[in-house]
Structure formats: structure tokens, C-alpha cells
Amino acid sequence: MQNKRLIILLECAIFAAVAMVLSFIPLDIGSSFSISLGMIPMYVIAIRRGFWAAGFAGLLWGLLHFLTGKAYILMPSQALIEYVIAFSFVAFSGVFSKQVRSNLAAGQLKNAIKWAWGTMIIGGVARYFWHYVAGVLFWGAYAFKGWGAQVFSLVMNGATCLATVAVAGIVITILLKTSPRLFLPK
């Protein structure tokens with residue numbers, strides 16, 4: 001049992017590191033919109049290991065932003081919301097992990113893909129909800145002229161969430177079809 005926990009922790013660390021590496025691929029459009037490729041390995045670990053592992057991997061990924069200088073910090077409370085809380089909420093990408101894995105193991109690929117999309121949407125919305133909150137509280141000064149902080153944050157974080165889930169979801173769908181064993185730990 002101890003060995004299994006260590007393996008899960010190591011997997012979380014590896015997937016967080018891969019997520020951080022993917023975060024350096026520039027897919028930013030302006031200062032408020034980007035596609036977060038790091039969510040791809042987060043979705044893999046979430047489906048592979050579930051809620052708690054995804055939360056831990058997400059927390060590690062968020063903390064890596066500080067270590068690599070990739071964090072945009074206005075004040076400590078904003079950093080806490082955007083890099084600790086938001087990234088920890090990646091955990092919600094694992095809410096349907098058992099359903100995805102059981103359908104994969106039973107050879108029900110279409111059902112596995114449906115459950116995977118459901119869990120990815122929930123995880124994406126959970127993470128970007130906190131970015132929305134931070135946008136309203138801290139980034140309102142950067143809103144387009146005539147836009148309030150709430151509308152600006154909703155539009156920008158909503159678009160980022162949708163684009164991220166769509167891109168990552170396509171990659172995860174391909175991986176589910178071509179490498180289902182990646183999601184089925186021994």
C-alpha cells in the first residue's frame with residue numbers, strides 16, 4: 001500500500017512537471033486570453049488517478065509557476081487564488097474518473113469518451129471559476145474600455161476555459177482511442 005501511494009505521488013509530480021513544460025509554449029493572445037496546454041497532463045492524471053491525485057498534481061503545477069517565474073502576481077491574495085486555489089481545483093477533473101476507467105476497461109470507448117468530456121468540462125470550469133473571481137477582484141483595471149470587471153473577467157476567462165477544454169479534450173479523446181492503457185494504472 002505504501003509503495004502504491006509513492007507511485008501515485010511520483011506520477012503527480014511527473015504530470016505537474018509536464019504541465020509546467022507545456023505552459024511555456026506560447027499560446028497567449030493579448031494579456032487575458034490563452035490556451036492552457038498544461039491541462040492535458042492534468043486531465044490524464046485526473047482520469048488515471050482520480051480527484052485527490054488531480055488536486056495534488058494541480059497544486060504542484062500551480063506552485064511550479066512561482067518557482068519558474070511564470071506567475072503574474074499583483075498581491076499575495078491574488079497569487080493564492082490564482083496559483084494555489086485555482087490550480088488545486090483541477091481536482092474536479094477527476095470526479096468521473098472511475099466511470100471513464102471502467103468504460104475503458106470494458107471496451108466501451110464511446111461511453112469512456114463521454115464521461116471524459118464531462119469530467120474535463122467540470123475540471124476546467126472549477127479551475128477557471130477562481131480565475132474569474134481573481135479577474136473581478138484584482139484585474140478589473142485591465143478591462144476593455146466600457147467593460148466592467150465582471151463582464152471582462154467572465155468573457156476572457158470563459159473563452160480561455162472553453163478553448164482550453166476544447167483543445168485538451170481533443171488531445172485526450174485521441175489518447176483514449178490510441179493509448180487507453182495510459183489511463184488504466186496497474
Side-chain angles (χ1 to χ4, degrees), residues 5 8-20 22-23 27 33-66 70-71 77-105 111-138 150 153-176 180 182-185:
R5 283 189 200 145
I8 292 170
L9 291 174
L10 288 171
E11 285 181 13
C12 289
I14 291 166
F15 280 96
V18 172
M20 194 67 233
L22 291 174
S23 295
L27 290 177
F33 176 82
S34 65
I35 296 172
S36 182
L37 293 180
M39 286 298 283
I40 297 167
M42 290 296 103
Y43 287 145
V44 173
I45 192 71
I47 293 168
R48 181 177 171 84
R49 294 294 186 179
F51 183 89
W52 296 109
F56 181 64
L59 174 63
L60 291 176
W61 180 31
L63 294 175
L64 284 171
H65 282 77
F66 297 115
K70 190 110 166 80
S77 54
Q78 172 266 332
L80 177 70
I81 290 171
E82 291 209 89
Y83 296 101
V84 177
I85 296 172
F87 281 84
S88 294
F89 267 64
V90 169
F92 285 90
S93 301
V95 295
F96 297 134
S97 63
K98 289 179 183 173
Q99 290 86 342
V100 177
R101 290 192 313 267
S102 65
N103 277 289
L104 265 182
N111 285 336
I113 291 170
K114 287 177 190 175
W115 283 108
W117 275 91
T119 209
M120 289 184 290
I121 290 167
I122 291 169
V125 170
R127 174 187 166 194
Y128 282 97
F129 167 78
W130 290 103
H131 292 301
Y132 162 78
V133 169
V136 170
L137 295 176
F138 305 106
Q150 292 175 330
S153 188
L154 180 65
V155 169
M156 299 314 278
N157 285 299
T160 296
C161 177
L162 289 173
T164 296
V165 170
V167 170
I170 290 167
V171 173
I172 295 298
T173 300
I174 292 167
L175 289 173
L176 285 165
L182 176 63
F183 301 93
L184 298 170

For Ser36, is there any backbone N or O sitting under 3.5 Å from a side-chain donor or acceptor partner on Thr164?
yes
Could you tell me whether Lys70 atom NZ has more than 12 heavy atoms of other residues or ligands within 6.0 Å of it?
yes
Pairwise distance CD1(Ile40) to CD1(Ile35) - rounded to 0.5 angstrom:
10.0 Å
So, do Trp115 and Ser102 sit near enough that their side-chain heavy atoms are less than 4.5 Å apart?
no
Please list, chain by chain and in numerical order, all residues satisfying side-chain contact (heavy atoms from CB on, under 4.5 Å) with Ile8, sequence neighbours excluded.
Lys4, Cys12, Arg49, Ala53
Assess the residue pair Val44 and Val18 against the criterion (side-chain contact (heavy atoms from CB on, under 4.5 Å)); give the C-alpha distance rounded to whole Å, side-chain angles, the decisive distance to 0.1 Å, and a yes or no.
CA-CA 11 Å; Val44 173; Val18 172; over 6 Å; no
With a 3.5 Å distance limit and no angle check, can you tell me whether Tyr132 reaches the backbone of Asn157 through a side-chain donor-acceptor pair?
no
CZ on Arg127 to CE on Met42, rounded to 0.5 Å
10.0 Å
Flag side-chain contact, heavy atom, 4.5 Å: Phe138 against Glu82
no
Main-chain N/O of Gln150 paired with Ser153 side-chain donor or acceptor, under 3.5 Å
no
So, Arg101 side chain and Phe183 main chain: donor-acceptor pair closer than 3.5 Å or not?
no
Value for CD1 (Ile113) from CD1 (Ile172), rounded to nearest 0.5 Å, stands at 11.0 Å
I'd like to check the ring pair (Phe, Tyr, Trp, His ring centres under 6.0 Å) partners of Phe92; sequence neighbours left out, ordered by chain and number.
Phe51, Phe89
When rounded to the nearest 0.5 Å, the distance separating CG of Leu175 from CD1 of Ile170 is 12.0 Å
Starting at OG of Ser93, measure out to CD1 of Ile122 and round the result to the nearest 0.5 Å.
9.0 Å
Across all chains, not counting sequence neighbours, the side-chain contact (heavy atoms from CB on, under 4.5 Å) partners of Thr119 are Ile47, Val95, Phe96
How far does OG of Ser88 sit from OH of Tyr83, to the nearest 0.5 angstrom?
14.0 Å
